[in-house]
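Only one structure is covered here, and it is reproduced in the block below.
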Amino acid sequence: MLRALFEKTGQAVWISHLDLMRLFQRAFKRAGLALTHTQGYNPRPSVSIALPLSVGVQSHCELLDFELEGEAVSCQEITERLNGALVDGVRILKVYENGDKIKNIAFLDCTMALEYDKDIPQGAETAITSLFSRENLLVEKKSKNGITEQDIIPMIRQITVTAKDGHCLVLNARICCQNPTLNPVQLSAAIAKYMPQLTPDFVTCCRKEIYTPEETIFR
Amino acid sequence: MTELLQRILPTVQKPARYTGGEFNEIKKDPVQTRVRVAFCFPDTYEIGMSNLGMRILYGIMNGMDGVACERVFAPWGDMQKAIEDNDLPLWALESQSPVRDFDMIAFTIGYEMCYANILNMLRLSGIPLRSEDRQGLKNIVFAGGVCAYNPEPLAEFVDFFCLGEGEDITVEIITLYDKAKAENWSKEAFLLAVSKIPGVYVPSFYRHEYNADGTLSAITVENGAPSVITKRIVEDLDNAYWPTKMIVPSTEIVHDRANLEVFRGCIRGCRFCQAGFSCRPVRKKSPEVLYRQAVETLEDSGHNEITLSSLSTSDYRGLKELTDQMIPYCEQNRVNLSVPSLRADNFSRELMEKLQTVRKSGLTFAPEAGTQRLRDVINKNLSEDEILTTCRNAFSGGWNNVKLYFMLGLPTETDEDVLGIAELVYKVIQTWKEHATNKKRGLRVHVATAYFVPKPHTPFQWEQQITPEEYLRRCKLLKSHFYSKSITYDYHGPDLSRLEAVFARGDRRLGAVIAEAMKNGAKLDGWDEYFNYGIWFDAFQKCGIDPDFYTVRGYGEEEILPWDTINVGIDKKFLLRERKRAYEAKITPDCREGCAGCGANRLLKEVPCDA
């Protein structure tokens with residue numbers, strides 16, 4: 001099994017998880033790399049992407065697992081050929097063998113930019129910092145069984161809030177991303193719920209890095 | 001700060017359809033660009049990107065020096081609301097710049113019920129709807145596609161139409177515009193010059209006058225424009241432009257696969273079918289060229305499926321040779337070869353087995369009519385025997401799914417013909433009972449009926465459409481004769497087909513109706529989510545127009561027809577002859593058995609008709 005570390009930025013953030021799988025299947029074909037297929041009645045190319053990313057979120061640490069048929073091609077060459085066959089915004093950073101088991105991903109670092117069209121409200125930095133220092137913080141979460149409430153504090157390893165400029169607060173957080181999973185959107189949802197006057201006009205989100213339970217970089 | 005459009009994207013469904021940036025998208029350097037064309041498809045991205053004509057013309061225009069062609073699609077309702085709320089103008093995908101900044105605005109029109117979308121897209125772009133309200137060379141609006149064969153309902157809005165296949169005419173038009181822009185011509189001078197290009201129809205050069213009863217009394221030609229405009233065709237398809245580097249959408253579209261056109265035209269002559277006549281004469285592509293293009297297209301796009309398309313792929317003479325080459329390639333490269341619209345002949349049955357597409361899609365037949373008599377009337381050359389033989393083979397091979405498509409309201413149809421549908425379906429069920437090898441899962445027969453819409457340039461162009469009430473009566477009559485639990489019966493509601501009939505044979509007076517309906521929110525009428533018959537009904541009332549004039553009235557053979565200025569290559573005498581044969585329930589053999597003399601071969605100068 002091979003693993004590709006890739007990033008998803010720019011306009012490509014609007015491509016959904018399922019569409020991205022299809023996009024990769026075609027990119028492999030364009031690159032002249034034959035994927036192995038699943039067995040069974042309806043064989044499918046064996047590609048899988050760990051931790052589906054929400055539409056609209058950037059990432060610098062996506063993982064794609066795949067297997068190739070035929071003659072072995074070097075990881076370097078796979079990287080180059082795929083990058084020649086992908087769309088703007090989806091870029092392979094490296095391809096490697098013997099990746100760690102996906103279930104060992106535990107945390108991720110994300111950055112959220114909270115944009116305020118007018119100036120950042122007075123005291124927002126301190127107020128938001130204190131919000132995430134509370135003992136518990138119940139936030140609604142949409143799941144298959146409808147909306148449930150979840151305490152997000154145990155899932156936040158660390159969080160900092162800094163002003164980037166007069167209009168933008170940057171939230172850097174290390175959060176649980178598997179068993180249990182905290183969707184970064186819930187961080188801004190917490191602000192909107194508990195401090196509605198600090199609700200930003202727009203929020204962008206970016207995944208920066210993923211970690212093992214021991215908080216070493218996961219690959 | 002994030003710009004407005006990027007802020008809207010997270011709030012709408014399927015945002016990837018608004019961003020561009022797909023593989024093989026063509027972005028040209030603005031500095032090197034003299035003519036910018038916004039190529040608008042009046043439906044959603046998923047539909048428009050599945051359109052082969054658009055892909056061909058996109059490649060051709062962008063292949064021209066100094067020309068940049070960008071794509072524009074109709075936004076879904078949520079996006080429309082967002083851009084209206086935020087006062088954003090409609091934009092083109094490649095540069096994300098407003099449509100109104102483009103020199104030329106091209107529409108491809110394949111369906112009557114997208115007329116409201118055309119006006120809506122102009123409105124969302126901030127471009128005046130009416131031709132006369134757009135001054136100067138900026139924002140010249142032109143259109144092509146099958147609906148241009150009767151473009152009268154859009155005559156007020158579109159500066160000119162291009163008739164027929166666009167490969168050559170598009171280049172001639174843009175080259176002329178390039179010169180006009182460089183020399184700073186007036187719009188009038190440009191329209192005069194463009195009307196001299198064969199296949200171009202400038203509606204403002206034709207004055208339509210009406211009798212007291214509402215029929216046309218005269219069409220007067222002005223400014224030295226041609227009295228009849230003949231559609232353009234490409235004669236040598238082997239050497240015609242073919243886009244092997246097609247855009248590969250990053251989001252799922254309706255026909256999410258490579259598409260290869262194997263020939264143009266149709267030998268069949270089904271009397272209700274507009275494409276069957278208006279796409280003549282028959283011109284083939286050779287299997288060698290097709291195979292090469294198939295491989296190039298697949299390798300460039302990375303698709304895992306390819307469709308061999310045409311109006312009737314079984315009638316492609318090179319089908320065996322082509323599939324013999326393609327099947328091994330496809331198997332080796334894990335590509336699914338799909339061959340839709342196969343007829344129920346022996347070779348096709350063998351082919352279907354080889355392709356195994358039957359397993360995926362089930363069997364689909366379009367007998368269109370329930371009795372042999374009525375199938376002879378419409379010249380649909382599909383016998384009960386062929387249907388039942390194919391069903392028998394399929395059922396004994398383990399298949400348990402059949403779809404049957406019919407029309408109701410065909411000329412001369414009686415209740416006996418309607419009940420003939422039920423009888424045919426019953427025989428299919430009998431065949432299953434006798435021959436099915438796998439009865440555990442039961443049989444599913446899906447029957448659908450559509451409401452017959454008479455179309456211009458067909459032998460049925462003069463026919464009446466039955467009333468919606470009568471259509472529904474026939475649907476219910478049929479439904480009451482389906483006893484088996486295996487049958488699922490769907491019938492299309494009459495409203496959409498009634499409007500389609502109005503606009504298909506409509507005249508210029510309908511422009512006001514389209515504008516009124518659009519003003520009141522008509523859009524995306526092809527989608528159940530948005531189709532609102534009430535809006536259209538009110539628009540007809542407000543404009544004082546009776547839809548029945550265009551539908552149940554029927555047109556007289558002596559009457560001047562709104563589309564009489566347009567020649568698709570088929571003689572009116574031939575259409576009248578075919579109409580007469582229809583009433584006598586006489587079939588006309590397909591073109592390969594003998595030329596029926598439709599006249600389309602006269603469009604060819606270099607090669608003979610390949611029927």
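Side-chain atoms of Trp14(A) and Gln6(B), non-hydrogen and from C-beta on, do get closer than 4.5 Å to each other.
With sequence neighbours excluded, the residues that form a side-chain contact (heavy atoms from CB on, under 4.5 Å) with Ala192(A) are Thr199(A).
Within the 4.5 angstrom heavy-atom criterion, no atom of Asn24(B) approaches chain A. Only the backbone of Leu86(A) comes within contact range of chain B, judged by heavy atoms closer than 4.5 Å. In this structure, chain B has no heavy atom under 4.5 Å from any part of Ser16(A). For Asn304(B), the parts lying under 4.5 angstrom from a heavy atom of chain A are both the backbone and the side chain.
Side chain to side chain, Thr251(B) and Asp19(A) meet the donor-acceptor criterion of an N or O pair below 3.5 Å.
To the nearest 0.5 Å, the span separating CZ on Arg334(B) from CD on Gln25(A) amounts to 12.0 Å.
Electrostatic pairing of Lys27(B) and Asp88(A) does not count as a salt bridge here, judged by no charged N lying under 4.0 Å from a carboxylate O.
Judged by a 6.0 Å distance limit and a 45° cone about the ring axis, Arg26(A) is not positioned over the six-membered ring of Phe23(B).
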Go through it in stages, so that I can follow the logic: the residues are Tyr18(B) and Gln11(A), the test is side chain to side chain contact (heavy atoms under 4.5 Å, CB included), and I'd like the CA-CA distance, side-chain angles, deciding distance and then a yes or no.
CA-CA 10 Å; Tyr18(B) 303 111; Gln11(A) 294 291 61; over 6 Å; no
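When all heavy atoms of Val87(A) and Gly21(B) are compared, the pair lying nearest together is CB-O, 3.7 Å. Nearest heavy-atom pair, Pro15(B) versus Val55(A), reported as atom, atom and distance to 0.1 Å: CG-CG1, 3.7 Å.
Heavy-atom pairs under 4.5 Å with chain B were tallied for Ser54(A), Ala85(A), Ala113(A); the largest tally goes to Ala85(A).
Below 4.5 Å, heavy atoms of chain A meet heavy atoms from Glu299(B), all part of residues 290-299 of chain B.
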